[in-house]
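Every value quoted in this text rests on a predicted model; they were computed, and no experiment measured them.
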Amino acid sequence: MKNDIFEKNRNIYSIILCGGSGTRLWPLSRKSFPKQFLSLGSDKKSLLQLSLDRVKNISPAKNRWIVTAKGQEELCSKQVGANADKIIIEPEARNTAPAIALTAWQLMKEDPESIMVILSSDHSIQNVRSFEQTIYDAVHLAKQNFFVTIGIQPTYPATGFGYIEQGLPLDIEGNILSPQKLTETAATGYSVRSFREKPNQAAAEQFLRTQKYLWNAGIFVWKTKTFWNAFSHIQPESASLIESITSDNLAEVYSKIENSPIDIAFIEQTSHVACVPANFDWNDVGSWSAVRECFEQDNQGNNVSGDVFHLETKNSVIHSTGPFVSVIGMENIAVIATNDAVLVMPLNRSQDVKKTIQYLEVKNQKLL
């Protein structure tokens, strides 16, 4: 793949959102050590460190910014090292719209002609070269003043993701491709007909059948100045608050900004939105079942880490950062042990970890 657009445009900034709590990978993930800081693969790099590796050809280190939550800055700084130039610290979690807008305003003051590539720190992306190609295409469309989101081809009728409905096919310059042109050249992206919130099972199955819908991966690309002008128009109160922020009043002002995801606060309310279908394998690593899918398995399909023995066990996740764990004659289960907690469940019940979290919020918050 040609990297010329990255080499010629040194004003592409990779903005990595790193403030999540990651409770779905409890008990390994905790409020004090969330999912993005975990090392789940054999190379011992955390999800955050893998995210930084992934953008090394897209943005030089001086153009890599991390946005993290208050209380995580030391952990973040230790893992990031010299691989990012700036760590922006949210005084409190206010969802993705305030985090992205705060970062955009700071970037406006430093490099108003910049392009933002906004990514999550806790996702798994395979095929890095294909990822670069997708971002390459998205940057081209962003240069035409599109707000670009990356869509993932659904592999099953998921009810846990938002969906993007594809509209008309676009070429690399953002022009609509006629049916005749489509026989000569492949579409770079699509206009966006609609955004759909997390659907019920029947709707998810319908989306899959039409082949017109993509999962919303929460990856965005746009010109900083174009975004700020549009955001200021759509969310004037939030924009005004952000513009009034100083080092002395950050916590006070930030607490007044509406707690909202960027999709609802901005993307779904603006025009000139384009979607680029991803050419890479993506997973939000939102469960222990997903960990097994994303990371190395032995010849029995097990993902294993720590002081573990297993016999006649298949297709399971066995992690221990605490006691020795032995698993015999089991299939499709998760056994996760730490120094103070143990989780045992069938992998197809991975989403029910949230029920443990709900219980602990009432009964024993020190384990969260």
Side-chain angles (χ1 to χ4, degrees), residues 18 20-53 69 71-72 74-81 120-126 281 283-368:
C18 187
S21 58
T23 54
R24 291 178 291 179
L25 293 190
W26 185 91
L28 202 56
S29 175
R30 305 291 179 97
K31 286 181 179 177
S32 61
F33 203 91
K35 179 176 74 167
Q36 60 269 26
F37 301 114
L38 297 178
S39 301
L40 298 168
S42 61
D43 64 3
K44 303 305 179 188
K45 287 188 175 181
S46 71
L47 292 172
L48 169 60
Q49 290 167 329
L50 291 171
S51 297
L52 281 165
D53 285 352
Q72 296 179 8
E74 189 175 331
L75 188 55
C76 192
S77 180
K78 184 178 179 181
Q79 289 205 358
V80 166
S120 294
S121 61
D122 58 356
H123 293 174
S124 169
I125 291 175
Q126 309 298 327
D281 294 330
N283 196 303
D284 73 338
V285 199
S287 67
W288 282 110
S289 179
V291 169
R292 182 183 164 272
E293 295 168 11
C294 295
F295 297 98
E296 300 84 357
Q297 300 170 9
D298 63 19
N299 57 13
Q300 296 297 308
N302 300 306
N303 177 273
V304 178
S305 176
D307 192 7
V308 168
F309 169 77
H310 59 92
L311 176 67
E312 297 172 6
T313 294
K314 297 178 181 179
N315 305 325
S316 295
V317 179
I318 312 166
H319 279 242
S320 179
T321 57
F324 168 73
V325 171
S326 176
V327 180
I328 299 173
M330 304 298 287
E331 289 188 31
N332 304 308
I333 64 161
V335 180
I336 316 299
T338 67
N339 285 323
D340 59 359
V342 178
L343 170 71
V344 181
M345 66 180 174
L347 278 174
N348 64 8
R349 298 288 298 274
S350 289
Q351 297 300 330
D352 285 340
V353 170
K354 63 187 176 187
K355 294 180 180 177
T356 301
I357 301 302
Q358 291 164 359
Y359 172 84
L360 291 174
E361 283 172 348
V362 176
K363 297 291 186 179
N364 194 350
Q365 290 192 9
K366 71 178 184 179
L367 290 177
L368 292 175

field: Heavy atoms of other groups near Tyr359 OH, more than 12 under 6.0 Å
entry: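 Incorrect, the count does not exceed 12.
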Determine the minimum heavy-atom distance between [X] and [Y], stating which atoms define it.
X: Asn302; Y: Lys314; result: OD1-C, 3.1 Å
X: Trp26; Y: Leu343; result: O-CD2, 3.4 Å
X: Asn283; Y: Ala290; result: OD1-CB, 3.4 Å
X: Met330; Y: Ser316; result: O-OG, 4.4 Å
X: Trp288; Y: Leu25; result: CZ2-O, 3.3 Å
X: Ser350; Y: Ser289; result: OG-N, 3.2 Å

Would you say the side-chain atoms of [X] pair up with the backbone N or O of [Y], donor to acceptor, closer than 3.5 Å?
X: Thr313; Y: Leu311; value: yes
X: Asp298; Y: Gly301; value: yes
X: Ser120; Y: His123; value: no
X: Gln49; Y: Val80; value: no
X: Gln365; Y: Glu361; value: yes

message: Looking only at side-chain N and O atoms, does Arg30 offer a donor or acceptor that is under 3.5 Å from a partner on Thr23?
response: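 Judged by distance alone, the side chains do not pair up.
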query: With no hydrogens and no angle check, do the side chains of Ser124 and Gln126 hold a donor and an acceptor under 3.5 Å apart?
result: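 Gln126 and Ser124 do have a side-chain donor-acceptor pair below 3.5 Å.
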task: In sequence, state the C-alpha distance, the side-chain angles, and the governing distance for Ile357 and Leu368, and then conclude on side-chain contact (heavy atoms from CB on, under 4.5 Å).
output: CA-CA 7 Å; Ile357 301 302; Leu368 292 175; 3.8 Å; yes
How long is the span from the [atom1] atom in [X] to the [atom2] atom in [Y], to the nearest 0.5 Å?
X: Glu331; Y: Glu312; atom1: CD; atom2: CD; answer: 10.5 Å
X: Ser39; Y: Leu50; atom1: OG; atom2: CG; answer: 8.0 Å
X: Lys355; Y: Leu360; atom1: NZ; atom2: CG; answer: 14.5 Å

Side chains of [X] and [Y] in contact at under 4.5 Å (non-hydrogen atoms):
X: Ser287; Y: Gln351; result: yes
X: Pro34; Y: Gln72; result: yes
X: Arg24; Y: Val353; result: no
X: Leu38; Y: Ser46; result: no
X: Cys18; Y: Phe37; result: yes
X: Leu367; Y: Asp340; result: yes
X: Leu75; Y: Phe33; result: yes
X: Pro346; Y: Asn332; result: no

field: Verdict with supporting geometry, Leu40 and Leu28, side-chain contact (heavy atoms from CB on, under 4.5 Å)
entry: CA-CA 10 Å; Leu40 298 168; Leu28 202 56; 4.1 Å; yes
message: Please determine whether side-chain contact (heavy atoms from CB on, under 4.5 Å) holds for the pair Ile333 and Val327, giving the CA-CA distance in whole Å, both sets of side-chain angles, and the decisive distance to 0.1 Å.
response: CA-CA 10 Å; Ile333 64 161; Val327 180; 4.0 Å; yes
message: My understanding is that only one of Arg292, Glu293, His319 makes a side-chain hydrogen bond (donor to acceptor under 3.5 Å, both in side chains) with Asn303; could you say which?
response: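 Answer to the side-chain hydrogen bond (donor to acceptor under 3.5 Å, both in side chains) test with Asn303 among Arg292, Glu293, His319: His319.
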query: Between Asp284 and Lys35, does at least one N-O distance fall below 4.0 Å, as a salt bridge requires?
result: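 Salt bridge flag = no for Lys35 with Asp284.
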task: In sequence, state the C-alpha distance, the side-chain angles, and the governing distance for Asp281 and Ile125, and then conclude on side-chain contact (heavy atoms from CB on, under 4.5 Å).
output: CA-CA 6 Å; Asp281 294 330; Ile125 291 175; over 6 Å; no
